[in-house]
Amino acid sequence: MTTIYENMVKSMGACVNSFQDEGMFILFGNQAPDTLQDYCYVIDVLPINGKIEPGQVAEIDGTRYMITAVGELVEKKLGNFGHVTFSFTGDTQAELPGTIYLGKKPVPQLNIGSQITIHS
């Protein structure tokens with residue numbers, strides 16, 4: 001198993017659970033715009049070591065989620081800004097360009113120190 005990406009939640013905005021009912025959460029690097037900071041989990045901007053693709057696995061705090069679709073701008077946004085949305089809808093077609101779609105499951109509760117890894 002090859003690690004494509006890994007990161008850790010450094011801080012979180014006051015309204016990070018606002019999108020839980022829609023089945024998603026948002027990550028953003030240290031320089032999230034003021035209008036988004038309250039809605040994001042903040043991470044470091046780190047490189048991606050390969051292509052993120054359907055069929056790979058996202059692991060969040062030790063729980064594995066199958067990647068079902070990947071938006072066309074995920075690697076660019078994640079690599080340059082630390083910005084990506086994780087959607088737990090199980091969609092197999094990427095409707096939003098900056099979103100990683102995962103198998104339909106409840107959205108995990110992230111905390112400061114939560115680990116996020118993508119494996120091929």
Side-chain angles (χ1 to χ4, degrees):
M1 188 176 319
T2 302
T3 300
I4 303 293
Y5 182 78
E6 63 184 322
N7 216 320
M8 178 181 71
V9 174
K10 292 175 40 177
S11 64
M12 48 199 221
C15 303
V16 291
N17 293 325
S18 296
F19 299 109
Q20 193 157 14
D21 289 345
E22 293 157 33
M24 66 176 138
F25 67 76
I26 301 169
L27 300 178
F28 218 117
N30 299 330
Q31 297 180 354
D34 290 342
T35 55
L36 291 179
Q37 285 179 356
D38 283 343
Y39 301 95
C40 299
Y41 291 98
V42 178
I43 58 172
D44 286 325
V45 177
L46 297 174
I48 301 167
N49 302 309
K51 187 161 177 55
I52 300 172
E53 300 176 310
Q56 294 175 340
V57 173
E59 188 172 331
I60 302 169
D61 287 337
T63 300
R64 298 166 61 96
Y65 303 87
M66 182 65 64
I67 296 175
T68 58
V70 178
E72 63 191 41
L73 295 178
V74 162
E75 289 152 2
K76 181 178 181 181
K77 288 182 165 211
L78 185 58
N80 292 337
F81 308 107
H83 179 45
V84 70
T85 299
F86 281 82
S87 173
F88 296 81
T89 59
D91 291 350
T92 57
Q93 297 292 319
E95 292 184 28
L96 300 172
T99 300
I100 296 173
Y101 295 85
L102 305 165
K104 188 169 178 108
K105 290 188 176 183
V107 177
Q109 183 65 45
L110 294 153
N111 297 294
I112 294 171
S114 285
Q115 298 286 326
I116 300 164
T117 308
I118 297 175
H119 305 285
S120 64

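When a residue number appears, it is its place in the shown sequence, counting from 1.
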Joint cluster assignment, [X] & [Y], ILVMFWY side-chain distance < 4.5 Å:
X	Y	result
I118	V107	yes
L96	I67	no
F86	Y65	yes
I60	V70	yes
V84	L102	yes

(request) Identify the two heavy atoms, one from P54 and one from A69, that lie closest to each other, and give their separation to 0.1 Å. (result)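 Reported closest heavy-atom pair: CG-CA, 3.9 Å.
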
(message) To check you understand the geometry: which heavy-atom pair defines the closest contact between P108 and F88, and what is its length?
(response)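 For P108 versus F88, the nearest heavy atoms are CD-CZ, 3.3 Å.
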
(message) If the condition is salt bridge (Lys or Arg N to Asp or Glu O under 4.0 Å), which residues does K76 pass it with, not counting sequence neighbours?
(response)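 K76 satisfies salt bridge (Lys or Arg N to Asp or Glu O under 4.0 Å) with no residue once adjacent residues are dropped.
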
(message) If I take atom CD from residue E6 and atom CE from residue M8, how far apart are they, to the nearest 0.5 angstrom?
(response)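 It comes to 11.0 Å.
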
(request) Measure the OG1-CG distance between T99 and L73 for me, rounded to the nearest 0.5 Å. (result)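 If I round to the nearest 0.5 Å, the distance is 10.0 Å.
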
(request) May I ask you to decide if E75's main-chain N or O and Y5's side chain share a donor-acceptor pair within less than 3.5 Å? (result)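 Side chain of Y5 to backbone of E75: no pair is present.
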
(request) Examine distances only and state if a side-chain atom of T68 and a backbone atom of T92 form a donor-acceptor pair shorter than 3.5 Å. (result)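 Checked: no pair found.
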
(request) Can you tell me which residue pairs pass the side chain to side chain donor-acceptor pair (under 3.5 Å) test with a partner in residues 108-120, sequence neighbours excluded? (result)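 Qualifying pairs: E59-H119, D61-S114.
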
(message) Could you check whether any side-chain heavy atom of L78 comes within less than 4.5 Å of a side-chain heavy atom of I52, counting everything from C-beta outward?
(response)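 Yes, at least one pair of side-chain atoms sits under 4.5 Å.
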
(request) Starting from the C-alpha separation in whole Å, work towards a yes-or-no answer on side chain to side chain contact (heavy atoms under 4.5 Å, CB included) for Q56 and I4. (result) CA-CA 9 Å; Q56 294 175 340; I4 303 293; 4.1 Å; yes

Between side-chain atoms of residues 24-45 and protein atoms elsewhere (two or more places apart, or another chain), which donor-acceptor pairs fall under 3.5 Å?
| from | atom 1 | to | atom 2 | distance (Å) |
| --- | --- | --- | --- | --- |
| N30 | OD1 | K10 | NZ | 3.1 |
| Q37 | NE2 | A32 | O | 3.0 |
| D44 | OD1 | K10 | NZ | 2.8 |

